[in-house]
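A, B, ... follow the sequence lines: proteins, then strands. Residue 1 opens every chain. Any value given below was found using the heavy atoms of this structure, including those in side chains, with hydrogens, waters and symmetry copies removed. All values derive from a computational prediction rather than experimental measurement.
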Amino acid sequence: MSAAVAAERRERTAARLLASPDRSPLPRGSRAELLAEIETSGLTGRGGAAFPTARKLAAVAHARRPTVVVNGVEGEPASLKDKVLLARNPHLVVDGAMVAARIVGAREVIFAVGRANRTVRKRLEQALAERSDGVDVYLETVPDRFVAGEESALLNLLNGGPAKPTMEKPYARGVLVQNVETLANVALIARYGASWFRRRGTADEPGTALVTVLGAVRNPGVAEVELGTTLRDILQRFGGLAAFPHALLVGGYFGSWVRAHDVLDAPLTNAALAPLGASLGARTIAVLPQDACGLAESARVLRYLANESAGQCGPCVFGVAALADAFERLDVDRVHRLAPLVADRGACAHPTGAARFAASAIDIFADEIELHRAGRCSGAAHSPVLPVGASRDWR
Amino acid sequence: MRSLNHPAIWYLMRGSGVVALILFTVVVVLGIATTRRLRIGTMPRFVTLSLHRSVSLLACAFLALHIGSALADSYAKVALPQLFVPYPTTGYNLYLGLGALSLDLMLAIVVTSLLRHRLTQRMWKGVHWFGYASWPLAFVHSVGMGTDSDSTWFVGTALFCLGAVGAAAAWRLLELRRPYPKYLGAPL
Amino acid sequence: MKIRVDPILCDGYGQCAELLPEAVRLDEWGYPLVAREPLPRRLEPAARRAVAMCPRLALSLEGKRR
């Protein structure tokens, strides 16, 4: 192997987000230069909504008194990537927050993390104590509710209200709420440039992504992968599969179940997953073990989603609960009829995500339904694979 | 304002006052009925709300009549400021003061309701809840002024109004415990 | 002109569906389902009435003529 090829291979597999951080001072580019670099990079949000980062930055930059909120809340119970990033590489995230603050002209940066994970908070506190960036810095902990990480819910909480979404979105109020992984990428782009960023990933979906993989792999956890890597190769990074799974949950609890043989050779991009009815979402992939029951897992998660409704919008409060009821009764028709009636009728994506999850589960596990109707179950003895949270607080 | 000494003014003041009380009782009950999604007979639910609004305007008209005639009547000895601010004068009357307070609250409700679209839901709702103070004050004013308290028809009317508002308010309190009442089955 | 519902303010009173049945249906829980197509001109007065009557002011009109 020639030196050039070896160098290229090193570059292509080198960690970016989880690499030891470069602690040298950040480059001093102007606001416009930095924003242009982010725009050229094609960076999109890594929190689940995949909104173009440059556009969000530009919108907030026009506000009278912009603020930056660093969203490390990660309300999705199965997702660990943001916590891992904050625990392993907090300075990179803080760098990104400072770059974003410079771009939008913010004088204060608020870091928000979930209450339950003390390690993350401690590491972040330590990192913040080791530096002075010239802006006011705050660290807030928020209740571990599913929707607490939604950007308007987070802002609501920071403003003294409950962690419930509002109709007005933060960027309209001059507040930039950005996911920690997105900000880590912002720091990297500020240091190494947009072309460097675009060397990994695909042309339409550049960069790397942190993914959480759980379930029937040998080493579940978090890894950094290049966008466009096939799912099969990604699962290899986690030690590979012990047995061929029936289905994978792609995109977390607002994502979709997909048959393994349909998705294993698909590259990890929204474009490739869309025809399979899936998307990157929260970048969480669950591999259903062969001896677990997809219906039981899905029913549990759906009931959890119903309980996690903020309770503000009728179609969500009643609709997601009705979906959970119908799912538990294995009423396939009702689930199919309810899903479009519940989707897109709330103030946030909660009912939409829950509807999508329910509809995909009832489709993919159709043969399991037949088994259940005959009084049997594939996964009766299996302990739960998909975790659900337990917090009851809204403030 | 020239005081008039005609008994008709005196009777107009009392009569319009009682009618206003009855109408405001209807307004409060209809308002509560609206929040409880009550349908009057088989009419659509927007009729309940519509009636609440229309009757409240009618009640205000009778209230204006009541106040106007009180001002005009020489025997009643009510000065203009006393309508809005309960303060002691030679003929200070606690119940007149309560009536003034009731009027103040009621004016706030009417004004905010007419300007609803310019206010936030919270502002409008906060002021609207003054109604639960305004009505009892108006009731105590009616009974306390003593002009008709000895007649059975008045006592009967007053008790009826009290009963109606009391029952409706109790019904409303039940709803407070459930933030999302379930009305299953499309109501149309 | 289109009708928009603020799902947080909406409390399922259903007055809109009574006043504008051609464009608003209620789901099984009493919450409005608004037709996606723009409203025909003849329904605009009824739409304005529905917006004015909503007890929670949860309705608004998009693309209305001044």
Side-chain angles (χ1 to χ4, degrees), chain B residues 27-57 109-129 131 168 172 174-188, chain C:
Chain B
V27 168
V28 170
V29 172
L30 282 174
I32 288 171
T34 303
T35 63
R36 301 245 50 185
R37 318 293 203 270
L38 188 82
R39 184 194 293 279
I40 298 174
T42 52
M43 291 193 285
R45 289 197 174 104
F46 71 75
V47 171
T48 311
L49 177 54
S50 250
L51 275 176
H52 168 77
R53 292 177 175 185
S54 317
V55 175
S56 69
L57 291 179
I109 293 173
V110 170
V111 167
T112 50
S113 292
L114 290 173
L115 297 176
R116 257 183 101 201
H117 288 262
R118 294 186 195 278
L119 302 171
T120 64
Q121 171 73 12
R122 287 238 315 266
M123 252 187 258
W124 171 84
K125 188 159 194 174
V127 174
H128 222 74
W129 272 68
R172 178 76 175 93
L174 289 176
E175 157 159 308
L176 279 177
R177 315 199 102 257
R178 294 203 298 173
Y180 271 102
K182 269 193 198 184
Y183 295 96
L184 297 173
L188 283 179
Chain C
M1 187 191 280
K2 280 213 257 196
I3 293 199
R4 284 193 47 207
V5 182
D6 179 322
I8 294 180
L9 287 176
C10 176
D11 221 356
Y13 278 85
Q15 315 245 347
C16 49
E18 292 176 340
L19 291 167
L20 197 56
E22 300 90 337
V24 183
R25 280 190 306 127
L26 293 180
D27 64 20
E28 65 189 77
W29 309 290
Y31 292 87
L33 285 160
V34 183
R36 256 166 247 218
E37 311 82 45
L39 290 170
R41 273 286 177 81
R42 63 184 171 86
L43 289 180
E44 284 180 14
R48 283 177 215 277
R49 226 174 301 136
V51 170
M53 280 293 278
C54 176
R56 304 274 291 167
L57 285 181
L59 295 182
S60 58
L61 293 172
E62 251 176 14
K64 51 184 168 212
R65 293 172 297 136
R66 294 246 138 250

Checklist line | Shortest non-hydrogen separation from B/Phe46 to C/Glu18 and the atoms involved | finding: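 Between these two residues, the closest heavy atoms are N-OE1, 2.7 Å.
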Could you go step by step and tell me if C/Leu19 and B/Arg45 meet the side-chain contact (heavy atoms from CB on, under 4.5 Å) rule? CA-CA 10 Å; C/Leu19 291 167; B/Arg45 289 197 174 104; over 6 Å; no
Please report the interatomic distance CD(C/Gln15) to OG1(B/Thr48), rounded to the nearest 0.5 Å.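 Interatomic distance, C/Gln15 CD to B/Thr48 OG1, rounded to 0.5 Å: 7.5 Å.
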If I take atom NZ from residue B/Lys125 and atom CZ from residue C/Arg56, how far apart are they, to the nearest 0.5 angstrom?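 Going from the NZ atom of B/Lys125 to the CZ atom of C/Arg56 covers 5.0 Å.
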So for C/Ala52, is it side chain, backbone, both, or neither that comes closer than 4.5 Å to the heavy atoms of chain B?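 C/Ala52 touches chain B through backbone and side-chain heavy atoms alike.
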Which atoms of B/Ser50 are under 4.5 Å from chain C, going by heavy atoms: the side chain, the backbone, both sets, or neither?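 For B/Ser50, the contact with chain C is made by backbone and side chain together.
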**Prompt:** Could B/Arg37 and C/Tyr13 be counted as a cation-pi pair, given that NZ or CZ must be under 6.0 Å from the ring centre and within 45° of the axis?
**Reply:**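 Yes, a cation-pi geometry.
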What residues of residues 113-121 of chain B sit under 4.5 Å from chain C when only non-hydrogen atoms are counted?
->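 Residues of residues 113-121 of chain B touching chain C at under 4.5 Å: B/Arg116, B/His117, B/Gln121.
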